[in-house]
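What follows is one structure encoded as structure tokens, with my remarks underneath.
In this text the structure is predicted, and so the values were computed from the model without any measurement. Each chain gets a letter, A, B and so on, in the order its sequence line appears, and its residues count up from 1.
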Amino acid sequence: MPGAPHVSSATPRQTALNPRHRAAGARMVPFAGWEMPLQYRGIVEEHLAVRRRVGVFDVSHMARFFLAGADAGAVIRRTVTYDVLAMEPETGHYSVACDDAGGILDDPYVYRLGPQRWMVVGNAARREVDLEALRAAVRSGDDVELDDRTEATAMLAVQGPQAASLLGALLAPEIVGRVEPHHTTEVALVGYKALVSRTGYTGEDGFELVLAAAVAAEVWDRLLSGGAEPCGLGARDTLRLEAALALYGNDIDVTTDPFEAGLGWVVSLEDAGDFRGRAALVGRKAAGRTRALACIRAAERGPVFRHGCAVLAGGARVGGLTSGGYSPVLETSIGMGYLPVEQAKSGTRVEVEVRGRRERAEVVRRPFYRRAAGSS
Amino acid sequence: MQFPAELRYSREHEWVRVEDGAAVVGITDFAQDQLGDVVFVSLPAVGSKVAALEKMGEIESVKSVSELYSPVSGTVVEINQAAVDSPETINRDAYGEGWLLRVAMDGGLPDGLLSADEYRAVVGAE
């Protein structure tokens, strides 16, 4: 039976909602230097609440950088692979930041709040790396202010088919309707200034809210009394895995490039914009991929696939899982891992080795779960 | 958290109930709560031998995997296929529908199993 969770010796940071999590009986765990809720009522229950109704996550540990000034967009363009300068104001776009060799430093989400105002949201564990990358992209004479507001703000993810109606009840419904997928807008939320973006990490419709840390608890309470299920990092992981969304540190890191990770769609090489890693990525694209991140699904219910499990084809090891877990919707094990391009095609029969036993599995088309058409 | 007085408990968080000379075995309420959502359980085959304090299977939740240790010695006469097919039963009713297996014991209950109060003290101390 499980022992006590590993506790880091450094005192973890607490989000503004920490007392709320404790009061709700959450199981708290150290994560990327923060103390975060792993689960409240149970991972599967929380997962299914997001798939069927609506859940709310405290994602305040994510790094939030605000940039303003005539050259703010150019600084971000030099940092990430996506042509953010082509973005319209009030939109967001997924991106990756690479090192000089084309390896992935982080996969930040970039929001253009206004013509000269931006927000970059990165992974908690990559906060310093992202900050350093942005700073390194500033040239002398640039008109840019860079502000790390991770502690000053809180971030909530409201996700699920009922997210729009729940937020509509707290906001004006026409505002929620106006925020289309991948759009963002500044609104007054229960009287406080907030950024509302129609983005998320679950594969469902949903919103992410960035607001002053001081008002986070009040908004959290309103969302819960409106029917949102509080959800922890456990469900966040199972939801993103069903949606086949990469997790930094597992599926992508400096040893992987965006093309083999299936993220070539965020690498803009057509525009003249120079960015860190561009030359290497041009070369890697021309050379072609030798491996690709594949979605692998167990043939039947069995032991749970985990990060690190070997993947075999024809009895020989061809790769390893970078993510693995139980899918509450499919009720089987699922995972992702890099396989040689030939084996990464859907339909390939493979085996996944779990504690010495080989479980039958198949490469499937990504994602594992896609929400029904029509439910925006 | 429930620890029925009529059961005996192991330090590895299994419970035992003696029924018609056989031992019915499951995991405790504390164990299922610690594991969280149970999604897979692997049990010894009917007819195989198990020995007290030795590994007899695995139980896995969304987040972690744990080994199952037999609290008794004997021969497996029945496994709870319903719990294998629907492992969430173990979370829902650890002492009832979520039982795991029935063992024809070699002799009686081994020494060292705990009463409900003793087990409560053990998990309270963890």
Side-chain angles (χ1 to χ4, degrees), chain A residues 1-6 25-29 31 36-49 231-242 298-309 323-335 352-357 359, chain B residues 1 3 9-15 25-45 53 55-71 81-94 100 114 119 122-126:
Chain A
M1 290 302 143
H6 172 74
R27 196 161 293 177
M28 305 299 290
V29 293
F31 179 81
M36 299 300 292
L38 175 67
Q39 61 167 63
Y40 302 80
R41 293 211 286 175
I43 294 171
V44 171
E45 191 171 344
E46 293 162 27
H47 181 111
L48 295 175
C231 298
L233 292 182
R236 185 168 161 82
D237 190 49
T238 54
L239 287 158
R240 70 92 196 167
L241 183 55
E242 273 184 356
E300 62 214 341
R301 192 159 183 162
V304 180
F305 293 174
R306 307 280 181 188
H307 173 92
C309 287
S323 280
Y326 173 77
S327 162
V329 169
L330 302 174
E331 297 186 339
T332 57
S333 282
I334 56 175
V352 176
E353 198 168 274
V354 186
R355 295 187 293 280
R357 283 202 306 262
E359 302 293 328
Chain B
M1 205 160 283
F3 303 108
Y9 299 85
S10 76
R11 289 178 186 276
E12 287 75 34
H13 311 290
E14 281 87 21
W15 58 261
V25 174
I27 69 163
T28 67
D29 197 19
F30 173 82
Q32 71 77 22
D33 182 67
Q34 287 290 302
L35 280 165
D37 299 298
V38 176
V39 293
F40 177 68
V41 58
S42 159
L43 296 173
L53 306 180
K55 191 189 159 184
M56 64 166 180
E58 289 172 347
I59 189 161
E60 190 159 21
S61 69
V62 175
K63 270 289 149 201
S64 64
V65 60
S66 292
E67 298 195 335
L68 289 169
Y69 294 89
S70 179
Q81 193 59 41
V84 172
D85 294 340
S86 303
E88 63 274 12
T89 311
I90 299 164
N91 291 114
R92 204 179 59 239
D93 189 8
L100 295 179
L114 308 174
Y119 178 68
V122 166
V123 299
E126 284 197 1

B:Lys63 side chain near A:Asp237 side chain, heavy-atom distance below 4.5 Å: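 The answer is yes; the side chains approach within 4.5 Å.
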Quick one, B:Val65 and A:Val304 - any side-chain contact, counting heavy atoms below 4.5 Å?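 They are not in side-chain contact.
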Set of residues satisfying side chain to side chain contact (heavy atoms under 4.5 Å, CB included) with respect to B:Pro87, sequence neighbours excluded: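 For B:Pro87 the side chain to side chain contact (heavy atoms under 4.5 Å, CB included) partners, ignoring immediate neighbours, are A:Arg301, B:Val38.
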Once side chain to side chain contact (heavy atoms under 4.5 Å, CB included) is applied, do any residues pair with B:Val84, and if so which ones, sequence neighbours excluded?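 With sequence neighbours excluded, B:Val84 shows a side chain to side chain contact (heavy atoms under 4.5 Å, CB included) to B:Val41, B:Leu43, B:Gln81, given in chain and number order.
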Considering only heavy atoms, which portion of A:Thr238 lies under 4.5 Å from any heavy atom of chain B: side chain, backbone, both, or neither?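 Just its side chain gets close to chain B.
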In terms of heavy-atom proximity below 4.5 Å to chain A, should B:Asp85 be classed as side chain, backbone, both, or neither?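 It is the backbone, since no side chain atom gets that close.
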Considering non-hydrogen atoms only, spot the tightest contact between A:Arg357 and B:Ser42 and give its length.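 For A:Arg357 and B:Ser42, the tightest heavy-atom pair comes out as NH1-OG, 4.4 Å.
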Should B:Glu60 and A:Arg355 count as an ion pair when the cut-off is N to O under 4.0 Å?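 Result for this pair is yes, salt bridge flagged.
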With chain B as the partner, which of A:Gln39, A:Glu331, A:Arg27 has the greatest number of non-hydrogen pairs under 4.5 Å?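 Going by pairs under 4.5 Å, I would pick A:Arg27.
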